[in-house]
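Everything on this sheet refers to the single structure shown next.
As the structure is a prediction and not an experimental result, all values here were calculated from the model. Here is how names work: the chains are called A, B, and so on, in the same order as the sequence lines, proteins then strands, and each is numbered from 1.
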Amino acid sequence: MRAYWQLTWAQLLLFARNKNMIIWSFFLPIFMMLALGTFMGKGGNQFSMSVAIEDKDHSTYSKQLTTMIDEKAGVKVKRIPKQEALKAVEKGDVSIFVRFDKGLGDRLEKGKAYPKGEKESIRLYFDKSNPTVSQIGTTVINQAVDQLNKKAINYHPAVKVAEKDIQSRPLRTIDFLVPGILSLMIMSNNLNGVAATIASWRERGILRRMQGTPLKSSTFIAGQITARVLLNSLQAVAVLLVAYFVYDVKIYGSWLLLLMIILLGTLTFMSIGFIIASLSRTPETAGPIAGLISFPMIFVGGIFFPVRDLPGLLQPVVKAIPIGYLTDGLRGVMNEGATLTQLWLPTTVLTAWFAVAFAIAAMTFRWDVK
Amino acid sequence: MIDVKQLVKIYDGKRVVDGVSFHVSEGEVFGMLGPNGAGKTTTMEMVEGLRSPDGGEILVGGFDGIKEQTKVKELIGIQLQSTALFDHLTVAEIIRLYGSFYKKMRPLSELLTAFNLEEKKKGLVKHLSGGQKQRLAIAIAVVHDPKVIFLDEPTTGLDPKARRDLWDIVLQLRDEGRTVFLSTHYMEEAEQLCDRVAIMDSGRVIALDSPAGLIRELASDSVIEFVPGREEASSTYQGLGGVKEVKISEDGSVTLLTADLQETLRKLIALADERGLMLTGLRTRTSTLEDVFLTRTGKRLTET
């Protein structure tokens with residue numbers, strides 16, 4: 001037991017005295033979060049567009065229509081004349097230009113159907129090369145016009161659609177990203193960290209010197225695990241605190257469950273790290289092997305974008321590897337406030353991965369190079 | 001204390017340790033002398049339990065060195081040929097860490113004093129000199145007050161001052177009543193420190209006795225070395241009175257082992273006059289373990 005505590009303590013001291021490790025594993029995730037957070041924008045609304053309006057009608061109706069468009073979420077209305085507005089659309093400063101012609105108010109006042117061959121009262125100008133914006137823009141304006149039309153003819157719909165937002169909490173990009181960054185941090189710290197460190201200790205004979213004492217390999221591994229679990233929890237808390245204070249990212253679920261998932265992830269990726277360290281002959285090969293395994297995981301682990309956005313071909317791979325489950329678990333607790341029961345799939349898969357990887361790690365562990 | 005019988009280790013089909021047997025008594029300094037690659041380290045590491053033998057028996061302090069390794073490891077302290085420790089831990093932290101691996105641990109201050117490391121107590125391992133590192137390596141070898149200590153080439157790479165310091169430490173360990181098993185390729189070290197020496201070459205023990213006993217076996221207590229002006233057949237020297245052994249090395253220098261120094265010298269000078277040989281670098285000395293190795297194997301221990 002004394003050996004276990006001493007080994008844990010020694011490893012923590014080694015962490016604390018390794019400046020590179022501190023910079024890479026502590027500040028990198030925070031820098032990454034700050035960089036991505038700034039780049040993606042802090043704003044709650046990811047959608048915003050500006051609409052230029054020229055009102056030649058000047059009736060109560062045209063003014064009402066302008067207000068209605070302006071009140072739509074994410075839409076900013078600028079009032080500018082045609083020439084200027086068209087240039088702005090071309091440059092991309094304005095997504096869409098709307099012109100209300102004279103007579104618009106008259107028609108609505110009369111509430112009559114639109115006669116054939118007559119000039120249209122509302123014109124939209126947009127840049128089709130930007131289909132998303134032009135599509136949303138036309139929809140927004142069509143909706144407003146439609147509403148006004150229905151009102152004018154005193155229209156009562158026979159069937160109504162009720163819309164309900166089931167996302168009870170507003171999910172912003174940064175809320176989505178923070179658990180992903182945590183997941184990435186846990187994987188790279190443990191998988192790459194353990195593989196490189198253990199392989200180098202073996203190469204240098206540090207492990208062989210320990211082999212010459214009554215120390216058991218299980219005690220050694222247990223000390224490593226404890227130190228790394230503590231370090232990872234500390235790093236996770238640091239990232240979460242920065243996320244909370246800078247971006248107001250909240251954890252809706254329980255902290256305990258979150259720490260449990262961090263622990264599971266740490267154990268799983270450490271075990272894989274130990275296996276890589278055992279299988280590679282030298283530290284020079286351990287690093288690249290670990291990199292080769294962890295690098296693709298960044299893309300298929302749902303870290304920066306959801307796993308469902310990946311091509312179907314990759315889905316079986318994604319479902320087999322642990323990183324996606326770790327990300328899901330973290331996201332579940334943080335974004336959705338999920339409970340352990342709701343997270344049975346990620347936790348079960350991670351536990352299974354840990355059990356198998358640990359067994360292999362224990363079997364393949366070697367103190368010595370030969 | 002240590003009993004080794006017919007120990008064998010095979011690497012890639014080569015018998016690097018080939019039927020080695022010896023006995024180390026309690027309280028003695030036992031040395032293994034031999035050139036690099038003779039199998040000294042491999043033999044030691046098998047006794048320490050770091051490598052598993054391909055044949056033979058090992059008994060350490062009454063425990064089976066193969067089946068009861070945990071018990072053996074509690075009993076022994078080891079210093080590897082190059083002891084690698086965590087660079088970013090301090091001397092005191094390293095001692096405490098290694099002490100925690102054993103059932104009992106000597107007080108830290110006692111170890112720091114014994115190995116002259118008090119000043120470096122809070123210094124990181126990476127900032128230690130070669131001699132300090134080696135002293136720390138031995139300090140952690142005796143951290144649990146072991147009965148047997150293994151030192152694998154403890155002075156290799158050290159400067160003369162540090163080497164002397166280490167010799168003092170070895171003698172101190174012996175005076176504390178511990179059994180010391182060391183390997184070296186310096187014959188001087190073996191002569192100075194060891195009660196008994198096993199000479200190893202090509203995986204075998206070729207001689208085993210006290211240093212004095214080994215030299216006595218040569219039946220020639222003196223050595224004459226010189227460089228003749230021109231090459232002569234070794235039979236030319238063989239006939240000189242008292243000569244037991246003639247070695248001519250590649251650079252042309254001649255080594256004569258003799259039981260009668262005066263007689264051989266007289267005859268050698270006469271021979272040189274007669275044949276017009278120009279003897280340079282002529283010197284005489286008493287026989288050493290180096291000469292024992294030379295006569296037994298025909299090779300020099302260290303190419304100097």
### Message
Using only non-hydrogen atoms and a strict under-4.5 angstrom cutoff, which residues of residues 83-104 of chain B touch chain A?
### Response
B:Thr83, B:Ala84, B:Leu85, B:Phe86, B:Asp87, B:His88, B:Leu89, B:Thr90, B:Glu93, B:Arg96, B:Leu97, B:Tyr98, B:Gly99, B:Ser100, B:Phe101, B:Tyr102, B:Lys103
### Query
Say you draw a straight line from CD of B:Glu45 to CZ of A:Arg208; how long is it, rounded to the nearest 0.5 Å?
4.0 Å
### Message
For the CZ atom on B:Arg204, are there more than 12 heavy atoms of other groups (residues, nucleotides or ligands in this structure) within a distance under 6.0 Å?
### Response
no
### Query
How about B:Trp167: does its CH2 atom have over 12 heavy atoms from other parts shown lying under 6.0 Å from it?
yes
### Message
Quick one: does any side-chain atom of A:Arg209 pair with a main-chain N or O of B:Ile78 as donor and acceptor, under 3.5 Å?
### Response
yes
### Summary
Interface check, chain B: of A:Leu7, A:Thr213, A:Leu14, A:Leu215, most non-hydrogen pairs under 4.5 Å belong to A:Thr213
### Query
A:Trp5 versus chain B, heavy atoms under 4.5 Å apart: side chain, backbone, both or neither?
neither
### Summary
Given A:Met1, A:Lys216, A:Arg17, the one with more heavy-atom pairs under 4.5 angstrom with chain B than any other is A:Arg17
### Selection from A:Gly212, A:Gly205, A:Ala10 maximising heavy-atom pairs under 4.5 Å formed with chain B
A:Gly212
### Task
Give the member of B:Glu74, B:Glu48, B:Gln79, B:Lys71 that has the highest number of heavy-atom pairs under 4.5 Å with chain A.
B:Glu74
